[in-house]
There are 4 protein chains.
Amino acid sequence: MTIIMSKKDSHGSIISYSKIIDIFTDRMVGFVLISMSDKKNKVLQIATKLFAEKGFENTSMVNICHEANVSKGLIYHHFKSKESILIEIFTGVTNQMIEMKTASKSSQEPKLQLVQLIETIFSQLEHDKAFFQLNLNIMFQPSTRQILKEQIEQRASLLFNSVKNIFDQISLKKSDLLSYMFIAEIDGISLNYLSIFNEYPLDMVKEELINKYKYLRINND
Amino acid sequence: MTIIMSKKDSHGSIISYSKIIDIFTDRMVGFVLISMSDKKNKVLQIATKLFAEKGFENTSMVNICHEANVSKGLIYHHFKSKESILIEIFTGVTNQMIEMKTASKSSQEPKLQLVQLIETIFSQLEHDKAFFQLNLNIMFQPSTRQILKEQIEQRASLLFNSVKNIFDQISLKKSDLLSYMFIAEIDGISLNYLSIFNEYPLDMVKEELINKYKYLRINND
Amino acid sequence: MTIIMSKKDSHGSIISYSKIIDIFTDRMVGFVLISMSDKKNKVLQIATKLFAEKGFENTSMVNICHEANVSKGLIYHHFKSKESILIEIFTGVTNQMIEMKTASKSSQEPKLQLVQLIETIFSQLEHDKAFFQLNLNIMFQPSTRQILKEQIEQRASLLFNSVKNIFDQISLKKSDLLSYMFIAEIDGISLNYLSIFNEYPLDMVKEELINKYKYLRINND
Amino acid sequence: MTIIMSKKDSHGSIISYSKIIDIFTDRMVGFVLISMSDKKNKVLQIATKLFAEKGFENTSMVNICHEANVSKGLIYHHFKSKESILIEIFTGVTNQMIEMKTASKSSQEPKLQLVQLIETIFSQLEHDKAFFQLNLNIMFQPSTRQILKEQIEQRASLLFNSVKNIFDQISLKKSDLLSYMFIAEIDGISLNYLSIFNEYPLDMVKEELINKYKYLRINND
DNA sequence: CATGAATGAGACTTCATTCAT
DNA sequence: GATGAATGAAGTCTCATTCAT
């Protein structure tokens, strides 16, 4: 799944990728992660960055060591293998998504929820191109895809359920189909923006999409 | 670009991936490839298959040699490097797309052209998942992406112009935006079908999309 | 030396390998080991087991830590190095052998002493294949052999003197040669039983050997 | 099996280990090996030497590279792994043994065959201590033992059948038992000579053994 | 055209050992 | 006594590429 779920916190702001990166840094307060050693943190942070920049296969353990100022031995003290670093990164984000989903109970009008969701996602997309590209890279590289198959599926159903939940509030009819179309549109735009077109008119496309869903009228034939 | 352009040949049929694969085989008559030796053909064919199955980085020259029943020396006689095999594969398909584009001058009603395009693409998608995944893999793997940057952009504008050309026949207004949306929808669906959802209702989604464009009414506000 | 000396204690029973293992446990009362901490004991015990099962080179300190439920730091608190664990294990057994030797003063008829010795050794052999294999492993692995060279020689002469002492009681003539042959036969059988033949008829061979020495008649030509 | 079978060639001389080593050198004329590249030969030769001197686990691929004046890549071009070098060495010798066995049809008096066998083996033993030690090392190192389990068993039965065949000519009764004892004596002496005693009186022991079998009288009770 | 021996850089990983706490 | 984070050397193996034949 290309999309990272958004979460409105008490101040109405959005948890963006900068927050996701915080999972591995000092501001994170989840009890599981709080005890993570600084060096391990650093490794996860650097690995995330390098995997995003160069791809998983083209990032060597030595690359990570050097950038993280850490010895090879230490990495293997904290992680079983290179693969397991990838898994830990991915799991961190997946857990974050799950947590967000549980936390976010919107009472807004459903069409506005869709609009909000679109805005959140595109805002993240613009801020963290590299991170989204990492996700795509991982999903289409057969080797890494295999490793993270389950999580990818988990994330997909997580997002789908969130979206379908909103459409159900609008109309139970065709909510499945509408969810698939909604997600396809967002993923397609992300894909084109990130990797296909040189100068993609993201703002224009975003506006079009928002208008579409703001004034959505469902044809119940 | 996820999308491989279709071409209606004189019999109204579609150039599918099976045809694309033919680029590398004896039936191909393009002037560029006509002189290609059988062995070189075989290498390109096998490399395409292996890159799709295992990814570029995880396919070794030896893998290709063994499957193609060819010696290492011979591969380096025909190709400067592993990269250049990838480039040649990609170029072959790009050239094919260009040729198709020049050849295909449809006189059909524009909305039917869109429907035809949708059907073509999804038909290819279903037949050649691996090949489409290869394209995605290459585009999101930073290393390979860099190598093929220009071609990726060339293909994107090729497709965009084809689509925009159709929308222009419907209405000059917003034809850009509509083209971007159309491409995004198709790419998004492909993406979700290929790599995200476990059991994607491709037929249902396709039908929805076809209905949308068959009866398209443009809001000219 | 493949052979672990036996000892008849006051009840006529034999000190078997189960007793040897006790060196490292609470029932041991030797003055050297009495003050040994429980954890150190445990480490020696586990190390013996792992060295026997996997060989010295293929047993890592971490393997020992995990199985002994002890931290790496603690092992290095008790032992200077991995080598020194091996040395301590070997020394423990050697000391035990020395102690046994000093303790065992048999007044039996010499040929019966030989029979007794044969029975003891084969009984141990059957009970503790792994332990005997460890001894062989250590003696033939050039690296470990070097470390324990002196002890190996010490044990050899210890055993040789014990055996020669018995043969001296039978006949002073050729007692050297007879001792070498006796030891060779026992070691050869052990070797074949432990490591060469798939289904070795140990009982049959043992009986043959016992008969040979029970009714030994020395040719004094 | 510690013992390498001997073979009387047309001049009554013995194929010693120096001949076995020739398997890997220019004098070998077996059609299978004649085509082996010089470099591959060299690697096998050097590996044999180093495994014998330092043990399998303590010989690194780099050690072999350096001594054989060959690149790491080349070794892996010829051998799948370090293990496979060991297997190839061992297999070479095993095949040699099989070939010798088939070739050697002695018409001598059986007791003299035994004497001949003893002399052959001890002659080899004295010439090639390191090689015999390698065999022992391999058989008692759990890791290598596992790898060569089958061959070890094959060799054992090969030797056993040879020996039993001779004893059968003397007396069918107890020929099994006598074979086991004979092999045990030889292996025991080898073991003691190679690895236990500092100054082993090999000549004296050998003479004793020869006398025993030269004038063997079987007790048929 | 065609082969495959040969190279050497660099990949992932293991491991004994040290040391601050 | 006890812990485990941290190190760095060394190990096995892979791989794109070159080149003599």
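This one's a predicted model, so the numbers in the text were calculated from it and none came from an experiment. To find a chain, count down the sequence lines: A is the first, B the second, and so on, and within it residues start at 1.
Atom CD of B:Glu57 is separated from atom OG1 of B:Thr144 by 6.5 Å, given to the nearest 0.5 angstrom.
Nucleotide F:dG1 holds its P atom 14 Å from the CD1 atom of C:Ile75, rounded to whole Å. Between the NE2 atom of A:His66 and the C1' atom of E:dA11 there is a distance of 13 Å, rounded to whole Å. The interatomic distance linking A:Lys42 (NZ) with F:dA6 (C1') rounds to 17 Å, in whole Å. Spacing between atom CD1 of C:Ile64 and atom P of E:dT14 amounts to 17 Å, rounded to whole angstrom units. Between the C1' atom of E:dA2 and the NZ atom of B:Lys40 lies a distance of 16 Å, rounded to the nearest Å. In this structure, the CD atom of B:Glu57 is 14 Å from the C1' atom of E:dG10, given to the nearest Å. A straight line from NE2 of A:His78 to C1' of E:dT13 spans 16 Å, rounded to a whole angstrom. Atom CG in D:Asn58 sits about 14 Å away from atom P in F:dA10, given to the nearest Å.
For B:Asn41 (side chain) and B:Asp38 (main-chain N/O), no donor-acceptor pair under 3.5 Å exists by modelled atom type. Checking side-chain atoms of A:Asn137 against main-chain N and O of A:Leu134 turns up no donor-acceptor pair under 3.5 Å.
D:Thr48 approaches D:Ile89 most closely through the heavy-atom pair OG1-CD1, 3.4 Å. Taking all atoms of both residues into account, the shortest heavy-atom contact from D:Gly55 to C:Pro142 is N-CG, 3.5 Å. Annotation for A:Ile152 and B:Ser195: closest pair CG2-O, 3.8 Å, computed over non-hydrogen atoms. When all heavy atoms of C:Ala130 and C:Ala52 are compared, the closest pair comes out as O-CB, 3.5 Å.
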When you compare the protein's N or O atoms with those of nucleotides 17-21 of chain F, which come within less than 3.5 Å of each other, and at what distance?
residue	atom	partner	partner atom	Å
F:dT17	OP2	B:Tyr76	OH	3.0
F:dT17	OP2	B:Lys82	N	2.9
F:dT17	O4	B:Lys72	NZ	3.3

note = Applying the Watson-Crick and G-U criteria (both distances under 3.5 angstrom) with [ ] for crossing and | for other-strand pairs, one obtains for DNA chain E .||||||||||||||||||||
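Each of D:Asn63 and B:Val62 has a nearest nucleotide on DNA chain F; the 5'-most of these lies closest to D:Asn63.
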Donor-acceptor pairs are to be reported for all side-chain atoms of residues 72-86 of chain D against protein atoms at under 3.5 Å, with residues two or more places apart or in another chain.
residue	atom	partner	partner atom	Å
D:Ser81	OG	D:Glu83	N	3.4
D:Ser81	OG	D:Ser84	N	3.2
D:Lys82	NZ	D:Phe56	O	2.9
D:Lys82	NZ	D:Thr59	O	2.8
D:Ser84	OG	D:Lys80	N	3.2
D:Ser84	OG	D:Ser81	N	3.2
D:Ser84	OG	D:Ser81	O	2.9

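Closest approach to the D:Leu74 side chain among E:dA5, E:dC15, E:dC1 is made by E:dA5 (side chain taken as heavy atoms from C-beta onward). Closest contact between the side chain of A:Lys39 and the listed nucleotides F:dA6, F:dG11, E:dT7 involves F:dA6.
D:Thr59 comes within 4.0 angstrom of the backbone, heavy atoms only, and of no base.
With D:Glu67 as reference, D:Lys49 is the one residue of D:Lys42, D:Gln45, D:Lys49 to meet the side-chain hydrogen bond (donor to acceptor under 3.5 Å, both in side chains) rule.
Put simply, B:His77 has no side-chain N or O that comes within less than 4.0 Å of OP1 or OP2 on E:dT3.
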